[in-house]
Each structure stands twice: as structure tokens, then as C-alpha cells.
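In what follows, every chain begins at residue 1, and chains take the letters A, B, ... in the order their sequences are listed. Note: hydrogens, waters and symmetry copies are ignored here, and every other heavy atom, side chains too, is used.
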Amino acid sequence: MLEELSDQEKERRHKLEKIKTLGIDPYPAEAFSTTHSCYQVRHSFDDGQADLWQGVRLAGRLMSIRDMGKAIFAELMDQSGRLQIYLRRDDLTPPERPWFFDTFVKKLLDIGDIVGVEGFVFRTRMGEVTLHVQSLTMLCKALRPLPIVKVDEKGQVHDAFTDPEKRQRMRYVDLLVNPGVREVFLQRTAIIRAMREFFDSHGCLEVETPILQPIPGGAAARPFITHHNALDIPLYLRIANELYLKRLIAGGFERVYEFAKDFRNEGIDRTHNPEFTMLEIYIAYKDYYWMMDFVEELLEHVVQKVFGTTTILYGGHQLSFRRPFQRLTFREALLRYAGIDFLESTEEQLRSFCRSHGLNHEPSMGRGKLIDEIFSALCEPHFVQPTFIMDYPVEMSPLCKRHRQNPALAERFELMITGKEIANAYSELNDPIDQLERFREQALLKERGDDEAMFIDYDFVRALEFGMPPTAGMGIGIDRLVMILTGQNSVQEVLLFPQLRPEAKAGS
RNA sequence: GAUUCCGUAGCUCAGCAGGUAGAGCAUUACACUUUUAAUGUAAGGGUCCUGGGUUCGAAUCCCAGCGGAAUCACCA
């Protein structure tokens, strides 16, 4: 069911028909080869060697058109940026097509149309590097008008395309019209590439593990569930890939990592999207202390490489990614900011602490969750600069080794930045008997109504029974890291296509 | 899931003591062969999110729904 067309859309469809009538294909099949990008022309044009700048071919979208009568100034935009082009009747009125300029270029081209041009480069009186077009090829007619964003001489932006809903629903328009948006996604890719290079240079192997899992393991979260028809079994979209990567360590790979799309069936807000990207990496024969050094080195490297500095401005804070980061134990953090020693507290004491501080304390919450609640509310906001929090209570970490000095603690650290967890790492539990017990405790929590408690994964336990070397493992929430590094305050701004409610159908 | 705010032309917005709509840009026409938020003159363009209700009369008030934003809850 098509929506009713607006006047401007009707107008463009009329133009489309006229273009066809002139014998011009508005959607030609042939490739259009280019010699330069807009950026190259604009930044490397040399007035002294103008004769070298002939036969320059560019392709892109018309972003503005200033009709001066017998001449037109327009802006062409390609992936690299914009370049002014100059279209003159005298040059675009070939004898075999005398109507070309007056009928086609002037009347039938619109902002948003995609064209290929060829000509020579010159500098206008106003000092603008410009392509003097000698031939123009229609490459695609745009049937909808593009929102016109204008920037005046003071740099002030007018009529910016800002409606968050429209921007996200029509990201293709957002990307065309808001240059900062493109920049964020280029940086996102650069960040991931720098990480990948770092891992590869440390002898790590990038692998792929199942997204559809019979048992959703490796994290505490509600999964999406689906059904496999041929096998007639339920399958879950993965909430993590941890247990599969550790199977690979058991299988003899010593350094593996995966940038994994994970899925969690939770609410959507400015820090949560139902699908998100998590980097997980596992290194055999190392422990979480080694991993802390490794993360520091990784982040300092990535930030330096992508941004050319180790200082990032975020929400008014100067974040320093220069090594070493602060380190603090979980117990010290709770003592300092909540005034409690969780090692000395029973579940009941923790529950009443939550009650008296107005925090959550559902009956289904065990010790681990109560402690987590207190920590999140009272401690996390203090860790603005990159800070390692070490040695979490063992109840909160069912896949993590007990601390070598205190069995109530786990050999786990989280890296907090701007009060948010960015990385989470363990000395991985490789004792199959202990692992099975921890799974069973999770099963009990599930019976108490904790729908995020873990399932027992017997195959994973079997893998551990065959033996997995001591291993350090870590996960990094890529979207949140990208948010911080690119200065965005919502995940939707670092995801090309964030999840939205379906658009209401027109008519039907 | 709860509360609050928002939903008017392609884009950004104004209009609300209730009398069936306005601006800038965009569009159309004309003028202008070095302009750059081009300019000048003229014109067209709107189920005012949807559905009910109150009223002689609703973009404006009330109710419900849909969508979005913020805060909280839930959650990495």
C-alpha cells in the first residue's frame, strides 16, 4: 500500500517521465568510472598546475543547486565529502542534444539526484576549488526530496535533520545529511579494526561460534527463544559466546577471540539495544592479572591509534587512557562508598541494607545480586576514569575461578569508565567439579524465580573434564566503548540500525 | 512496565482565552554566465499522528490508541 505522494514527490515523478522521454535513462546500468574523489580534488588541486587537472571524473549526489541562468553552481557529494561543480550552458549544449542544458540540467535535475561528471578543475573568484563540468551523466533519479541542511557563513546549521525517530528510521537520510553521523561510524569501524590488529599481532585467532544455541550460557540475562523446525527443538539466540570459546581453549587453541553479536531480551533505552556487539577473548596459561595489563595496553593502543591522543573528552570529563589505570578491589570500593564489608555480611543483612537505602531487594535475589545492587547504586558512579575493580564475590561469578587467597572471592575484574562497565574478565574456572556445583547453585536461583540465572550446560562441564588449561578471559562491550570514545550518550547513535518499534502502516 | 513531555507543509518550527492554518528553507514559474544560507519577483503545497467525545464550531479542551523523547523500574 503506497502512501499518498506529496507534491514534491509527484513533481519528481513527472520529471522522471520527462527524462525518459528525452531518451535519457534515469537508472543506467553501465558503470561510471571516476578518476578522483571530491576530497582529493578539493585538497590537492594546485593552481600552478591547473593544466594537469583536466578529464577529472567524479560521481556523487547533488546536494545543492544554485541556478544563475546560463550557468549553475551545484555541490556534488561523494563518500569523501563535497565539491562545488560549475555547469555552463555553453559547455553543455552539444549540437546533437541542444536541449541538454535548458531542458534537462536546468529543469529536470534535483537535489538528491546522483550524477557522474567530467571536466577540469579551476578556482572561482570566490576562491572555491570547482569542477568545470564538460559532460554530465545521469546515474540515478531521486524521487523523494532530501532534507536540506544549510550551514551559513558563521558555521551555524539551519534546518538540521534532527528528529531522533526519523533519523533512526531513515538512517540512509541521516547519513547523507548529517556529516557527524558518518564520522561516528567510521570511528566505530576504526576502533574495531585497531582491536583486531592488536589481537592478531598477539597471536590470537579470530573464530566464529554459534549464534543459535540450545543452552544460552555465559551470562546472566533473559534470552530470545526460537524454534528449529527440522530438529523440533527450541533454540536460543546467544546471550554470550563464552562457553564456546572456552571449549575451543579446551580443544587446544591457545588464544581465541570473537566480535560477537549477542542478544538479550530486555528493555530498550539509551544504553541498551536488544542486539549488541561483545568482544570476547581467551588466552591460555594466563590469569586475570595478566589480562589487566593486556587490556590497559589494548585500550591505550586503540585510543592512540584512532584518535592520535590518549585523552578523550566525554560528558565534560577528560578521560585518560594512559597506562596504568587505577586498581581497586571490590571490597575496598564497597567499604569506601557504601560503608559495608560484604565479606562479613549475611544475605539478611545485605537485604536490610538495601531496604534502608531504598534499593531493590526482591525475594528472588540471592547474596550475589544484592551485593551487585549495592555496588551499582553506590559505587559505580564514582569510577569515571578507567578503573579496574578486582576480586568480586564468588556468588556473582559462576564461571570464574575462586581467588587464590580467599575462596569467598573470584579472580575477576571489571573495567569501569564513566561509571559504566566496559570490560569484564576472569581467571577462568577450569575445575569441572566446582563448575558443576556453581551451575547447580544457579539452577536453585532459577527455581527461586531468578529468570536470568544460568542454565546447567553439561557439555561444557564435560569439556572441562577433559581438561582446559588455566585461562584468562575477557569481554568488552563494544557499543559502550564506542559510545565513550566517540562522545555519544546513547547506543542508538553508535548502531547503524538500532531497534525501533515497527512503523505504523499507512492505510492497510 | 510507570510517570512526564512531544507528534502541524519535504525539513526545522510558530499557531492553542476553541471560529476549519502560518514562517524560513525546499518546490514551481520568470530574470540573472564565477555563485556559495546566491539574489529578486510571483505562485503552489497541509486526512494539523489515529479514533472517539464535549461544543453551533476543535490543530487548540477531554478520553483511548499508535509512535518518539526524558526520568524511574528492569537490565550489562
Side-chain angles (χ1 to χ4, degrees), chain A residues 3-12 14-15 63-75 82 84-92 101 106-107 110-112 122-128 130 132 142-170 173 177-178 219-222 239-240 262 264-274 276 278 358-360 362 369 372-373 376 380 396 414 416 419-424 451-452 475-477 479-480 489-492 500-508:
Chain A
E3 308 159 49
E4 195 126 330
L5 296 178
S6 70
D7 272 18
Q8 295 196 45
E9 289 173 295
K10 286 181 192 152
E11 181 62 31
R12 285 177 180 235
H14 288 143
K15 290 179 179 178
M63 295 304 282
S64 70
I65 298 174
R66 295 183 286 278
D67 183 350
M68 307 286 299
K70 296 188 182 67
I72 294 172
F73 285 92
E75 275 178 296
R82 296 188 185 203
Q84 178 166 274
I85 61 175
Y86 179 53
L87 306 154
R88 213 165 63 158
R89 175 197 266 161
D90 293 351
D91 302 296
L92 293 171
F101 185 82
K106 271 188 81 153
K107 299 282 170 105
D110 284 306
I111 290 172
F122 74 111
R123 190 181 293 272
T124 66
R125 245 186 251 155
M126 305 298 287
E128 182 94 9
T130 301
H132 187 130
L143 296 182
R144 290 173 184 258
L146 217 48
I148 304 301
V149 182
K150 293 201 171 186
V151 182
D152 66 22
E153 51 206 358
K154 291 173 193 145
Q156 187 118 32
V157 178
H158 296 264
D159 299 326
F161 183 61
T162 50
D163 184 316
E165 181 180 359
K166 286 177 183 153
R167 286 185 48 226
Q168 288 171 33
R169 286 199 195 284
M170 298 190 278
V173 175
V177 137
N178 294 322
R222 268 190 308 219
I239 55 174
D262 291 340
R264 300 188 183 176
N265 207 339
E266 293 155 359
I268 298 174
D269 62 32
R270 115 176 149 274
T271 56
H272 297 266
N273 194 65
F276 59 100
M278 175 85 89
L359 305 176
N360 245 353
E362 303 293 314
K369 282 217 145 195
D372 189 26
E373 177 71 22
S376 307
E380 282 187 0
M396 291 169 61
E414 291 195 351
M416 317 283 308
K420 302 258 161 44
E421 175 209 332
I422 294 303
N424 181 20
D451 55 4
E452 288 156 13
I476 293 179
D479 309 290
R480 294 193 181 168
N489 65 0
S490 91
V491 257
Q492 285 75 26
L500 289 168
R501 281 202 158 75
E503 214 169 345
K505 276 185 195 162
S508 174

Phosphate oxygens OP1/OP2 of [N]: is one of them under 4.0 Å from a side-chain N or O of [X]?
X	N	answer
K15(A)	rU27(B)	no
R270(A)	rU71(B)	yes
K106(A)	rC30(B)	no
R66(A)	rU35(B)	no
R501(A)	rG67(B)	yes
K10(A)	rU27(B)	no
K70(A)	rU33(B)	yes

Requested in this report: Can you spot which of R169(A), Q168(A), R167(A) makes a side chain to side chain donor-acceptor pair (under 3.5 Å) with E165(A)?
Outcome: R169(A)
[N] and [M]: how far apart are their [atom1] atoms, nearest whole angstrom?
N	M	atom1	answer
rG45(B)	rG10(B)	P	13 Å
rC30(B)	rA69(B)	P	44 Å
rU20(B)	rC66(B)	P	32 Å
rU55(B)	rA73(B)	C1'	41 Å
rC49(B)	rC16(B)	P	16 Å
rG40(B)	rC25(B)	P	8 Å
rU8(B)	rG46(B)	P	16 Å
rG18(B)	rG57(B)	P	15 Å

Base, sugar-phosphate alone, or nothing: which one does [X] contact when heavy atoms must sit under 4.0 Å apart?
X	value
E414(A)	base
D163(A)	sugar-phosphate
F161(A)	sugar-phosphate
A219(A)	nothing
K166(A)	sugar-phosphate

From [atom1] of [X] over to [atom2] of [N], roughly how many Å is that when rounded to an integer?
X	N	atom1	atom2	result
R144(A)	rU27(B)	CZ	P	17 Å
E165(A)	rU12(B)	CD	C1'	16 Å
L87(A)	rU36(B)	CG	P	17 Å
D372(A)	rA73(B)	CG	P	14 Å
L146(A)	rC11(B)	CG	C1'	10 Å
F73(A)	rA37(B)	CZ	C1'	16 Å
I268(A)	rC72(B)	CD1	C1'	17 Å
I65(A)	rC25(B)	CD1	P	17 Å

Sort out the partner of [N] for me: Watson-Crick or G-U wobble, both distances under 3.5 Å, none otherwise.
N	result
rA43(B)	rU27(B)
rC5(B)	rG68(B)
rC48(B)	none
rC13(B)	rG22(B)
rU33(B)	none

Any idea which of [options] is nearest the [X] side chain?
X	options	answer
I111(A)	rA26(B), rU34(B), rC32(B)	rA26(B)
E266(A)	rU34(B), rA26(B), rC75(B)	rC75(B)
D159(A)	rU12(B), rA29(B), rU27(B)	rU12(B)
Q8(A)	rU36(B), rC30(B), rG10(B)	rG10(B)
D152(A)	rA37(B), rU33(B), rU28(B)	rA37(B)
M126(A)	rC75(B), rU36(B), rC25(B)	rU36(B)
T124(A)	rA38(B), rU27(B), rU36(B)	rU36(B)
Q84(A)	rU12(B), rU35(B), rU28(B)	rU35(B)
L500(A)	rU36(B), rG68(B), rU33(B)	rG68(B)
T162(A)	rU12(B), rU34(B), rA73(B)	rU12(B)

**Report entry** Minimum heavy-atom distance between F101(A) and R88(A), given as atom pair plus value
**Finding:** CE1-C, 3.8 Å
Query - Which atom of I268(A) lies closest to which atom of Q492(A), heavy atoms considered - result: CG2-NE2, 3.8 Å
Query raised in the report: Looking at rU27(B), does its base get a donor-acceptor pair with the side chain of D7(A) below 3.5 Å?
Result: no
Requested in this report: Check if the side chain of H158(A) and the base of rC25(B) share a donor-acceptor pair of N or O atoms closer than 3.5 Å.
Outcome: no
Report task. Inspect the surroundings of NE2 in H158(A) and state if more than 12 heavy atoms from other residues, nucleotides or ligands are less than 6.0 Å away. Result -> yes
Report summary line: Ranking H132(A) and R12(A) by the position along RNA chain B of their nearest nucleotide, the one closer to 5' is R12(A)
Requested in this report: Report the residue (I148(A) or Q492(A)) whose heavy-atom-nearest nucleotide on RNA chain B is the more 5′ of the two.
Outcome: I148(A)
Query raised in the report: Taking it one step at a time, do D479(A) and N273(A) satisfy side-chain contact (heavy atoms from CB on, under 4.5 Å)?
Result: CA-CA 9 Å; D479(A) 309 290; N273(A) 194 65; over 6 Å; no
Requested in this report: Evaluate the criterion side-chain contact (heavy atoms from CB on, under 4.5 Å) for residue pair H272(A) and R480(A); output intermediate values, then yes/no.
Outcome: CA-CA 9 Å; H272(A) 297 266; R480(A) 294 193 181 168; 3.3 Å; yes
Query - Stepwise side-chain contact (heavy atoms from CB on, under 4.5 Å) check, E11(A) with D110(A) - result: CA-CA 10 Å; E11(A) 181 62 31; D110(A) 284 306; over 6 Å; no
